[in-house]
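A short worksheet on the structure shown next.
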Amino acid sequence: MAYLAKYVLKGSRLAAFYKRGYSTASPWVFSEEVRLAKSEGKPIVALESTIITHGMPYPQNLETAKQVENIIRERGAVPATVAILKGQLTIGLSEEELTYLAQAKGVVKASRRDLAPIAAAKLDGATTVAGTIIAAQLADIPVFVTGGIGGVHRHGENTLDISADLNELGRSNTLVVCSGVKSILDIGRTLEYLETQGVCVCAFGETSDFPAFYTTRSGFTAPHRVGDALQAARVLHASRQMKLASGIVVAVPVPQEHAMDEKIIQEAINNALKEADRNGISGKEVTPFILAAVAKATSGASLNANIALIKNNAKVGADIAVEFKKLKNVDDSKNAFNIGSSKGAGKCTSNTSRHFHTSCSRRADESPLFSGDKNCGGDVLVIGGANVDRIYRLKEEGAQSPSAYLRKVVTTLL
Ligand SMILES: O=c1[nH]cc([C@@H]2O[C@H](COP(=O)(O)O)[C@@H](O)[C@H]2O)c(=O)[nH]1
């Protein structure tokens, strides 16, 4: 409450939240920065907030969150940190809101199952990977950056403790940049589960090694590899063109200079897992508990690695968002040329004409409201049709001047 009082400033956006009652008007709000970016067609990168509230201690969580946002801005994209503030799903947080969230107590870790109750009870919620993917889908933000995704927990074959992140990845068309999954999880089964969900997992960089968060290798390889941001953006573009509607994981290894010694981190994780077991920690409490225990056991070294990898992921994610936007702009300008330019105005391309005249390309700036599917690009809607048979009897005057008579008939028909 003390934090609340401190940050509830008169006239501020946060103050507005705390004055607001439950509203059924809009399921989400954008920050001013994100709203502008959307209207100007700038690339946007979604960011989760569980990493702020449950993944790192204060003040490192706040400093890192701000630095990550600035890295994204410096590389030409706009950051959109997602959280639920007093029940309002908020896409893009002001500095004031970030500051509040980084210190607030009792913020609920918000995965898919938690979103509606948090909104209904007007609580504060920090979105996990799953929760953030849902927001990114709602707001049409194709790229999302985080540190690590959830996965199949060790002994998951008995406990069925499998993060909802994996199912969400399976049913979204979001590209998630992360550093793989931690070895507190069962990495092999996590990859198997992602395969079952149809998620496209790509290692990023020189090798196909699937990273294990604190370390560059997990002993498993990713089924695909992308060498750079442009290649990753092409995979996203192709996936959307094919309307696959299943997610993409781009797994970026922690920069070598910040990678941890495999033996040291493994020992710290094993001890933390035993401690969690002794303390009866389960479900959504496991990951935050292990993170804190490992940071303590490594005297903060694991936290430094965590901060370094998320900053590096922000660079990669911003570059992918920028490259993807360029690919999208090429698509849009092709569409605009087909119908928007004076030369090609109103003409179907040979490609679109195959779909008859209902599929003429829509101008890039036109509303997709009546196109049915906003990706189909049609701007002519045909509902039903009619065949009209008319019989004309030729009179004498027509027989004497057939071409003049036909002109008259055509004019009547038009
Ligand atoms: O290194 C991390 N891994 C995972 C998380 C968080 O934990 C969530 C997964 O939790 P669960 O296993 O309860 O689904 C992820 O979505 C993410 O928000 C984190 O903060 N740091």
Side-chain angles (χ1 to χ4, degrees), residues 1-8 12-31 34-35 46-56 58 61-62 65 79-141 144-150 161-169 171-172 174 176 247 281-289 291-292:
M1 216 45 203
Y3 293 125
L4 207 59
K6 195 166 164 193
Y7 294 105
V8 175
S12 72
R13 198 167 135 222
L14 196 60
F17 273 115
Y18 287 92
K19 273 191 234 139
R20 190 186 310 161
Y22 178 72
S23 156
T24 51
S26 166
W28 73 86
V29 290
F30 289 131
S31 66
V34 173
R35 194 192 58 73
L47 296 161
E48 65 155 303
S49 48
T50 297
I51 199 168
I52 301 171
T53 55
H54 295 71
M56 288 182 198
Y58 180 81
N61 59 350
L62 178 59
T81 304
V82 176
I84 305 175
L85 297 175
K86 269 286 174 234
Q88 175 71 75
L89 180 58
T90 307
I91 300 172
L93 301 186
S94 65
E95 194 175 330
E96 190 188 6
E97 287 162 344
L98 267 184
T99 307
Y100 163 69
L101 199 69
Q103 301 170 78
K105 302 276 179 267
V107 179
V108 186
K109 185 173 159 185
S111 189
R112 172 177 274 270
R113 65 165 186 196
D114 313 299
L115 295 177
I118 293 171
K122 292 193 287 168
L123 299 175
D124 291 328
T127 50
T128 61
V129 169
T132 309
I133 288 175
I134 292 168
Q137 290 268 121
L138 285 172
D140 193 19
I141 301 174
F144 161 30
V145 165
T146 189
I149 57 171
D161 191 351
I162 299 168
S163 173
D165 291 356
L166 305 187
N167 286 51
E168 209 55 54
L169 275 161
R171 61 177 151 205
S172 90
T174 308
V176 178
I281 308 290
S282 64
K284 66 198 271 189
E285 313 302 336
V286 173
T287 306
F289 181 89
L291 287 178

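Being a predicted model, the structure only gives us computed values, none of them experimental.
- Taken from CG in Leu89 to CD1 in Ile134, the straight-line distance is 9.0 Å, to the nearest 0.5 Å.
- Looking at Arg171 and Arg112, their side chains come closer than 4.5 Å, going by heavy atoms from C-beta outward.
- The closest side-chain heavy-atom distance from Arg113 to Lys284 is below 4.5 Å.
- With contacts defined as side-chain heavy-atom distances shorter than 4.5 Å, the pair Thr146/Val176 qualifies.
- To the nearest 0.5 Å, the span separating CG on Leu166 from CD1 on Ile149 amounts to 6.0 Å.
- Defined by atom type and a distance below 3.5 Å, a donor-acceptor pair is missing between the side-chain atoms of Glu48 and Thr127.
- Checking side-chain atoms of Thr128 against main-chain N and O of Gly131 turns up a donor-acceptor pair under 3.5 Å.
- Looking at heavy atoms from C-beta onward, Asp124 lies out of side-chain contact with Val108 at the 4.5 angstrom threshold.
- Side-chain N or O atoms of Gln103 include none that pairs as donor or acceptor with a backbone N or O of Tyr100 at under 3.5 Å.
- Thr81 has its side chain within reach of Leu98: a pair of non-hydrogen atoms, C-beta onward, lies under 4.5 Å apart.
- Within the 4.5 Å cutoff, side-chain heavy atoms of Leu115 are placed close to those of Ile84.
- Proximity of Val82 to Phe144: side-chain heavy atoms (C-beta onward) are nowhere separated by under 4.5 Å.
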